[in-house]
Amino acid sequence: MTLANPGPGGRFGEFGGRFVPETLVPACVELEEAFTQAWVDPVFQTELGTLLSEYAGRPSPVTECPTLSEELGLRLLLKREDLNHTGSHKINNVLGQGLLARRMGRKRLLAETGAGQHGVATATAAALLGMDCCVYMGEVDVRRQELNVFRMRLLGAEVRTATSGSRTLKDAINEAMRDWVATVESSYYCLGSVMGPHPYPLMVRTFQEVIGTEARQQCQDLLGGVPDVVCASVGGGSNAIGIFSGFADSDSELVGVEPAGGAAVGRGVPGVVHGSTSYLMQDEFGQVLEAESISAGLDYPGVGPEHSYLAATGRARYESVTDTEVVEAFQLLSRTEGIIPALEPAHALAWVSRERNALSGRSVLLNLSGRGDKDVGQMMEILA
Ligand SMILES: *Cc1c(COP(=O)(O)O)cnc(C)c1O
């Protein structure tokens, strides 16, 4: 772990904090204490370590890309989170929070989901740990992602449709938080990214640090040091912070890549949403704007507070790419390396591909946060 911990109240500089209804303050405090104790408890560490290796399939490899590297004129390395059980990095977080919920005596996992990936991951953890699961999903997303809705039900979860507002992810989060207020004694709110009120951004980061810790060692073995550049796609920011955490104390450049239609860091201004202060896309009246991107998993108008802090301090920079560039990158990796990426990490590859001249001859570690199976139907329509 090479990133600094937040200050009092969960502040990363001016960002973060805990802006929740009064009824949720004790729940956040209880969670912070439970997490802090669990993390230093060898019993918890052993339980989590065993699940990560024997259930999720960690460690994930780092793969060289000889053909694509040659084509781009740089040395591309992929951290293969796509090879995890359920197909992305999200499993790292839900196994950690699921074990924590059980330790806290909770019997029900609550979650929100956009594209359905975090919902499926949470439903998976609930099935594994013998807990009830309720997932909130916007009505629009329920229609767009019927396969993931079916998966969640197959895994034994209840899917509740959020019909307020724009009926997408931010509304699902609002309704999940409302449920949490009403059921705080029995339910555990399993947040899907490094956002929300303290301690979630710190806790989710901690559960995703395994990506960076593994990658640092793997790069040491492959490169004899750290890569010149470490890049990842940014929705809420959990896969990016996970891999950044392994390199923040090094000379590696850290680059987060957002969709042009959801560039919270690039186009946002500081505001409070879903429990913390961060960069946020909003109109002149402070209304939260809709994010729009080809990838439902990055369709979020905000970003985790620590990314706002890393951007403000200059330790990481944030770039954006267009949907067209993403579609090209999706095909490029499939064709050259036989790896069909999820649309989210295709954003990071789109940036690498566009910047190939500036990156010429350099080593680039890209967090391949998920596999593309979930996106092939959509791509089939786009490419038809
Ligand atoms: C959910 C998801 C993301 C975006 O979430 P972050 O918290 O920003 O990591 C990125 N990649 C994949 C494969 C996802 O499923």
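For the numbers below, each heavy atom of this structure counts, side chains included, while hydrogens, waters and symmetry mates do not. Counting convention: from 1, in listed order, for ligands and their atoms alike.
For Phe207 and Trp39, the gap between ring centers is short of 6.0 Å. Tyr136 and Tyr189 have their aromatic ring centers separated by at least 6.0 angstrom.
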Test log, rule side chain to side chain contact (heavy atoms under 4.5 Å, CB included), inputs Cys219 and Leu365: CA-CA 9 Å; Cys219 285; Leu365 174 68; 3.9 Å; yes
Residue pair Lys374, Leu147: steps toward the side chain to side chain contact (heavy atoms under 4.5 Å, CB included) verdict: CA-CA 9 Å; Lys374 68 183 177 62; Leu147 216 52; over 6 Å; no
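For ligand 1, the 4.0 Å heavy-atom shell takes in Ser88, His89, Lys90, Gln117, Ser193, Ser233, Val234, Gly235, Gly236, Gly237, Ser238, Asn239, Gly297, Leu298, Glu344, Ser369, Gly370, ordered by chain and residue number.
In this structure, the side chain of His89 does not engage the main chain of Ala240 through any donor-acceptor pair within 3.5 Å.
Every residue two or more places apart in sequence or in another chain was checked for a side chain to side chain donor-acceptor pair (under 3.5 Å) with Asp132, and none qualifies.
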